[in-house]
Amino acid sequence: MNDVTELAMLQNYLLIGALLFAIGMLGFIVRRNMIVVFLCAEMMLQGVALSLVGWSRYFDDWGGQMLVLFIITVAACEAAIALALILMLARQTGNLDLADWQDLREEGSPPYVDHLIPEQREPPAVWPRLTPAGKVPEVDEEALLHRDRV
Amino acid sequence: MPESLLLQIPRLLGAADSAGTPFRVDARLLGWALLTGVLALIMLLPASSRGWRASGCVIGLLSLGFLLSGVLAPIVPMSEQIVFWIVAAVTIIAAVAAIATPRPVYTALWFALSLLGTAALMFMQGAQFLGVATVVVYAGAIVVMFLFVVMLAQPEGNDAYDRITWGWYTKPVSAILGAVLVSLLAFTLGAMNQTTFQRPSAGATDVLHPAHMARFGGELFGKHLLSIELAGTLLLVALVAAIAIMIHGRDPVIAPLEGPDNE
């Protein structure tokens, strides 16, 4: 490919990477579920990885891909420790809400209080049930009473 | 290469004399894309009703259309252009859906789809090993681990804290913040041209070499041997730390530190 196309690819990859990073950052700030917050952090890492792969192709240099490999390694470590921590925190409070841990905030800052708890908007899910197949076996009541329990 | 890159950054930021630029990021279309994108994100994020969500989907698709048609630079072979459009659209839509759905299980599944799109983008850039590693390590291991934790900690669908955010102003402020971030980067990109980022040479394509794994492994275990040892040590430390957290976090209340002479 010629240089103009390479530059176009680089621009596109940097833009897509920036969009992934921004979307992950938005989710990290907005969401309150601890698990979702950590998934958003992983999404930000993915945006950076895309940019690095784009640079690596453009400059024909393996350094970007090496860095992405180490990003994946660090992300795996981070996920292991974060999930262990989340499990412990969830066991102490009973749910995954980050607002339950606002005792850790800066001294003197006002507590965060929810003013509006939205009700469940969607009706509870109705799961399909399996219809029984075949015929019901006949049970001899007398035999059940005298049956040896082996 | 990194030294020259660092030297070029100030020239890039103040690049008014970018003559010979093959193309620029279209500022008007980018503005429209970011504006509609911010609106769509505010409508789509949790604590909005079904009607808001539907209109947010429509506006989000409009934003994606602006982005794909006008903002992203055209790639010369049309087939590659079409593949890139599809993969980029899947990646971005899945990422937005991951942060918009109130159920954490669906968040993990949408994130896995976004990872598949990212892996496809990496394949398109010749990073084959990293694409496979992304699918195997991220979508195969990390997301499944997240799903296990969701199953252990929150077995029912969604909870009250999944349907609300931090107050009313968090959504618009952070969406505008993200849009400002993207637009700053895009305007920096707009000043890019071939003279500011000189490629090494046209002929030598080492990254696109057919023997990908041999070159990759040679680079990894040659130039980055110490780094790979450090990464292995880091994995071991993380394993020990996770087990330690699981063992010591079992007490309901963290016990105060007691020395041997406090008895």
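The sequence lines fix the lettering, A, B, ..., with proteins before strands; numbering per chain opens at 1. Quick note: numbers below take in every heavy atom, side chains included, and nothing from hydrogens, waters or symmetry partners.
- Remark: B/Phe148 CZ is loosely packed, at most 12 non-hydrogen atoms of other residues, nucleotides or ligands lying under 6.0 Å away.
- Within a 6.0 Å radius of CH2 in A/Trp101, other residues, nucleotides and ligands contribute more than 12 heavy atoms.
- Counting heavy atoms from C-beta outward, B/Leu220 and A/Phe70 have side chains that approach closer than 4.5 Å.
- When B/Val96, B/Val137, B/Leu130, B/Leu177 are compared by the number of non-hydrogen pairs under 4.5 Å with chain A, B/Leu130 comes out ahead.
- Nearest heavy atoms, A/Arg31 versus B/Ile99: NH1-O, 3.0 Å.
- Inter-residue side-chain proximity for B/His224 and A/Trp62 is flagged as unmet; no heavy-atom pair is nearer than 4.5 Å.
- With respect to chain B, the highest number of heavy-atom pairs below 4.5 Å among A/Ile86, A/Val53, A/Leu26 belongs to A/Leu26.
- Looking at heavy atoms from C-beta onward, B/Leu41 lies out of side-chain contact with A/Val30 at the 4.5 angstrom threshold.
- Minimum interatomic distance between B/Pro104 and A/Asn33 (heavy atoms only, all atoms of both residues): CG-ND2, 3.5 Å.
- For chain A, the nearby part of B/Thr101 is the backbone; its heavy atoms alone come within less than 4.5 Å.
- Heavy-atom distances place both the backbone and the side chain of B/Phe146 under 4.5 Å from chain A.
- Side-chain contact between B/Met122 and A/Val68: present, with at least one pair of heavy atoms (C-beta onward) separated by less than 4.5 Å.
- Within the 4.5 angstrom heavy-atom criterion, no atom of A/Ala82 approaches chain B.
- Both the backbone and the side chain of B/Ile228 come within less than 4.5 Å of a heavy atom of chain A.
- Note: A/Met43 CE to B/Trp110 CH2 = 11.5 Å, rounded to the nearest 0.5 Å.
- Both the backbone and the side chain of B/Ala108 come within less than 4.5 Å of a heavy atom of chain A.
- Residue A/Met66 holds its CE atom at 10.0 Å from OG of B/Ser227, rounded to the nearest 0.5 Å.
- When the shell of 6.0 Å around CG of A/Leu104 is examined, it contains more than 12 heavy atoms from other residues, nucleotides or ligands.
- Using cut-offs of 30° and 60° on the angle between ring planes, the pair B/Phe84 and A/Tyr13 is tilted.
- Of the residues listed (B/Thr134, B/Val136, B/Ile142), the one engaging A/Ile72 in a side chain to side chain contact (heavy atoms under 4.5 Å, CB included) is B/Thr134, and it is the only one.
- Within the model, atoms CD of B/Glu219 and CG of A/Asp61 stand 7.0 Å from one another, a figure rounded to the nearest 0.5 Å.
- Within the 4.5 angstrom heavy-atom criterion, only side-chain atoms of A/Met25, from C-beta onward, approach chain B.
- Looking only at side-chain heavy atoms (C-beta outward), B/Phe216 and A/Leu69 come within less than 4.5 Å of each other.
- For A/Ala84, the parts lying under 4.5 angstrom from a heavy atom of chain B are both the backbone and the side chain.
- The two atoms that bring B/Ala95 and A/Leu20 nearest to each other are CB-CD2, 3.6 Å, heavy atoms only.
- Proximity to chain B (any heavy atom under 4.5 Å) is shown, for A/Leu96, by both the backbone and the side chain.
- Counting heavy-atom pairs closer than 4.5 Å to chain B, the top-ranked of the candidates A/Cys77, A/Ala22, A/Ala18, A/Ala90 is A/Cys77.
- Neither the backbone nor the side chain of B/Leu230 comes within contact range of chain A; no heavy atoms are under 4.5 Å apart.
- Top candidate by heavy-atom pairs under 4.5 Å with chain A, chosen from B/Leu235, B/Thr170, B/Leu121, is B/Leu121.
- Between chain B and the options A/Leu98, A/Leu39, A/Ile81, the largest number of non-hydrogen pairs under 4.5 Å is found for A/Leu39.
- Within 6.0 Å of CZ on B/Phe123 lie more than 12 heavy atoms contributed by other residues, nucleotides or ligands.
- There is no contact between B/Ala244 and chain A, counting heavy-atom distances below 4.5 Å.
- Looking at A/Glu42, the atoms closer than 4.5 Å to chain B (heavy atoms on both sides) sit in the backbone and in the side chain alike.
- Heavy atoms closer than 4.5 Å to chain B are found in the side chain of A/Phe21, but not in its backbone.
- The residue among A/Thr73, A/Ile23, A/Leu50 with the most heavy atom pairs within less than 4.5 Å of chain B is A/Ile23.
- When all heavy atoms of A/Ala75 and B/Tyr138 are compared, the closest pair comes out as CB-OH, 3.1 Å.
- Annotation: the span from A/Leu19 atom CG to B/Leu34 atom CG amounts to 7.5 Å, rounded to 0.5 Å.
- Minimum heavy-atom separation, B/Gln125 to A/Gly54: NE2-CA, 3.5 Å.
- Looking at B/Ser114, only its side chain comes within 4.5 Å of chain A, counting heavy atoms on both sides.
- Separating the CG atom in B/Leu30 from the CG atom in A/Leu15 is a distance of 7.0 Å, to the nearest 0.5 Å.
- Per-residue heavy-atom pair counts under 4.5 Å with chain A were compared for B/Ala242, B/Ser174, B/Gly178, B/Ala241, and the maximum is reached by B/Ser174.
- Looking at B/His212 and A/Gln65, their side chains come closer than 4.5 Å, going by heavy atoms from C-beta outward.
- Neither the backbone nor the side chain of A/Leu67 comes within less than 4.5 Å of any heavy atom in chain B.
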